[in-house]
Amino acid sequence: MDYLDHLEAEAIYILREVAGQFENPALLFSGGKDSITLVHLAKKAFRPGKFPFPLVHIDTGHNFPETIEFRDWLVEQIGERLIVGLVQESIDQGKAVEQKGKNASRNALQTVTLLDTIEKYGFDACIGGARRDEEKARAKERIFSVRDEFGQWDPKRQRPELWNIFNGKIHKGENVRVFPISNWTELDVWNYIKRERIALPSIYFSHHREVVLRNGQWMATAPFLNIDGEDIVEYKSVRFRTVGDMTCTAAVDSEATELDDIIAEIKASTVSERGARMDDKVSEAAMEERKKQGYF
């Protein structure tokens, strides 16, 4: 077996464990390559039947248009249920407060909307595309990661995971975040996408767009990106290694228009994938603090 076959088999096994152990799971879908890969794996795990869970997208309202278009296309193609939680509704209800200032972002506000969506639909498990190689806090997390009744994660109270035995037992009100591709790397994902010929949003490939240099990172211009007289708008050839809220997701200089080009770029890169996420640069423990509060 190829090493990708081993990773695929493990992920499919985990997805089936979720279906077997939980009553009302969901698959968190961002429209990014990792969650798209999860959808592909779910098709292998459960077709010709329907998925035993809906897709759930927490929409900040500040997403890349290409991502939303791809999300809607994919859902139509696979014929599965999509639930969308809107950060704007959380703001309108006074549950989340919009940030102010030049670098304001709605990214952190997703936590409020996610926890409300979990409560509204009674999800007891949420499948996500996080990987251990992405960031230090994610490297600490188990494949079955228990969250308390407030949606919070305690890194000091994680369950042991021996061999391929996953314990999904929870008390009422708790839920579990499940990460089937936790053991994959960014390069593994791209090699799998190439092998399986998985379709992706166009922003993963090199294209020309207007960008501004912000804290050493190229940010795509958008109506909700606060641009002032200090910003110089440039038109550059870029692509995105990771996809999130437009206000915190930076582009990288690139001429990679094909999968082989992207794979070669990643092999040569000395910067991690999350190095293009402004929200991770707030502090050394930015991701861990968000996860403790209920973030993905």
Side-chain angles (χ1 to χ4, degrees), residues 4-58 71 74-75 78-85 110 114-115 117-132 134 138-149 151-155 157-184 188-189 192 196 198 291 294-296:
L4 290 176
D5 293 327
H6 285 282
L7 292 174
E8 178 189 75
E10 179 188 52
I12 289 172
Y13 169 76
I14 293 166
L15 287 169
R16 289 173 175 166
E17 281 292 295
V18 173
Q21 292 196 40
F22 298 97
E23 295 181 3
N24 189 24
L27 191 155
L28 300 178
F29 184 80
S30 67
K33 69 181 187 312
D34 298 315
S35 58
I36 292 168
T37 297
L38 284 179
V39 169
H40 183 80
L41 289 163
K43 288 165 64 178
K44 290 201 170 191
F46 303 112
R47 289 292 191 249
K50 299 283 286 184
F51 291 0
F53 40 68
L55 274 60
V56 175
H57 181 213
I58 304 302
R71 178 200 70 185
L74 181 62
V75 168
I78 64 176
E80 296 292 343
R81 181 186 177 200
L82 172 69
I83 294 171
V84 180
Q110 294 179 83
L114 172 63
L115 295 179
T117 303
I118 290 172
E119 183 178 5
K120 178 180 178 179
Y121 292 94
F123 296 130
D124 53 0
C126 291
I127 304 162
R131 309 185 320 272
R132 289 192 175 116
E134 290 183 89
R138 286 180 166 170
K140 294 181 181 180
E141 200 152 27
R142 301 288 192 265
I143 290 175
F144 272 34
S145 179
V146 178
R147 306 298 174 99
D148 66 19
E149 62 271 25
Q152 297 173 332
W153 174 62
D154 185 350
R157 296 183 61 190
Q158 296 192 87
R159 296 171 177 175
E161 288 182 342
L162 305 176
W163 300 286
N164 59 350
I165 300 173
F166 303 107
N167 179 6
K169 186 175 181 180
I170 55 174
H171 298 292
K172 185 175 178 60
E174 295 177 335
N175 68 83
V176 175
R177 306 289 170 82
V178 180
F179 306 110
I181 61 172
S182 185
N183 291 329
W184 298 37
D188 293 336
V189 173
Y192 187 73
E196 300 292 311
I198 300 172
K291 292 175 81 66
Y295 190 74
F296 298 171

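The residues of the chain are indexed from 1 along the displayed sequence. Worth knowing before you read on, the calculation uses all heavy atoms, side chains too, and leaves out hydrogens, waters and symmetry mates.
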Inter-residue atom distance Trp184.CH2 - Leu4.CG, 0.5 Å rounding
6.5 Å
Once you round to the nearest 0.5 Å, how far does CD1 of Ile83 lie from CG of Leu28?
10.5 Å
Check Glu141 with Arg147, please: is the shortest side-chain N to carboxylate O separation under 4.0 Å?
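A salt bridge links Arg147 with Glu141.
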Please tell me if the side chains of Arg142 and Asn167 come closer than 4.5 Å, counting only heavy atoms from C-beta onward.
no
With a 4.5 Å heavy-atom cut-off, do Phe166 and Val178 have their side chains touching?
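No, their side chains stay 4.5 Å or more apart.
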With Lys43, which residues qualify under salt bridge (charged side-chain N to carboxylate O under 4.0 Å, His left out), at least two apart?
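Lys43 satisfies salt bridge (charged side-chain N to carboxylate O under 4.0 Å, His left out) with no other residue.
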Looking at every non-hydrogen atom in both residues, tell me the closest pair between [X] and [Y] and how far apart they are.
X      : Y      : value
Pro25  : Glu23  : CD-C, 3.6 Å
Ile58  : Gln110 : O-OE1, 3.7 Å
Gly128 : Pro180 : O-CD, 3.5 Å

Got a sec, which residues hit side chain to side chain contact (heavy atoms under 4.5 Å, CB included) with [X], two or more places apart in sequence or on another chain?
X      : answer
Ala26  : Pro54, Val56, Phe123
Lys50  : Glu80
Val146 : Arg159, Ile170, Glu174, Val176

Which residue pairs pass the side-chain hydrogen bond (donor to acceptor under 3.5 Å, both in side chains) test when at least one of the two sits in residues 31-41, sequence neighbours left out?
Ser30-Ser35, Lys33-Glu273, Asp34-Arg131, His40-Glu196
Between side-chain atoms of residues 7-19 and protein atoms elsewhere (two or more places apart, or another chain), which donor-acceptor pairs fall under 3.5 Å?
residue: Glu8; atom: OE2; partner: Lys44; partner atom: NZ; Å: 2.7
residue: Glu8; atom: OE2; partner: Tyr192; partner atom: OH; Å: 2.6
residue: Glu10; atom: OE1; partner: Asn183; partner atom: ND2; Å: 3.3
residue: Glu10; atom: OE2; partner: Asn183; partner atom: ND2; Å: 3.0
residue: Tyr13; atom: OH; partner: Asn164; partner atom: O; Å: 2.9
residue: Arg16; atom: NE; partner: Ala45; partner atom: O; Å: 3.1
residue: Arg16; atom: NH2; partner: Ala45; partner atom: O; Å: 3.1
residue: Glu17; atom: OE1; partner: Gln21; partner atom: NE2; Å: 2.8

Would you say Asn24's side chain and Tyr121's backbone share a donor-acceptor pair under 3.5 angstrom?
yes
Checking Asp124 side chain against Phe22 main chain: does a donor-acceptor pair fall under 3.5 Å?
no
Qualifying residues under ring-ring contact (aromatic ring centres under 6.0 Å, His included), relative to Phe53, sequence neighbours excluded:
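Scan of Phe53 (ring-ring contact (aromatic ring centres under 6.0 Å, His included), adjacent residues dropped) gives Phe46, Phe51.
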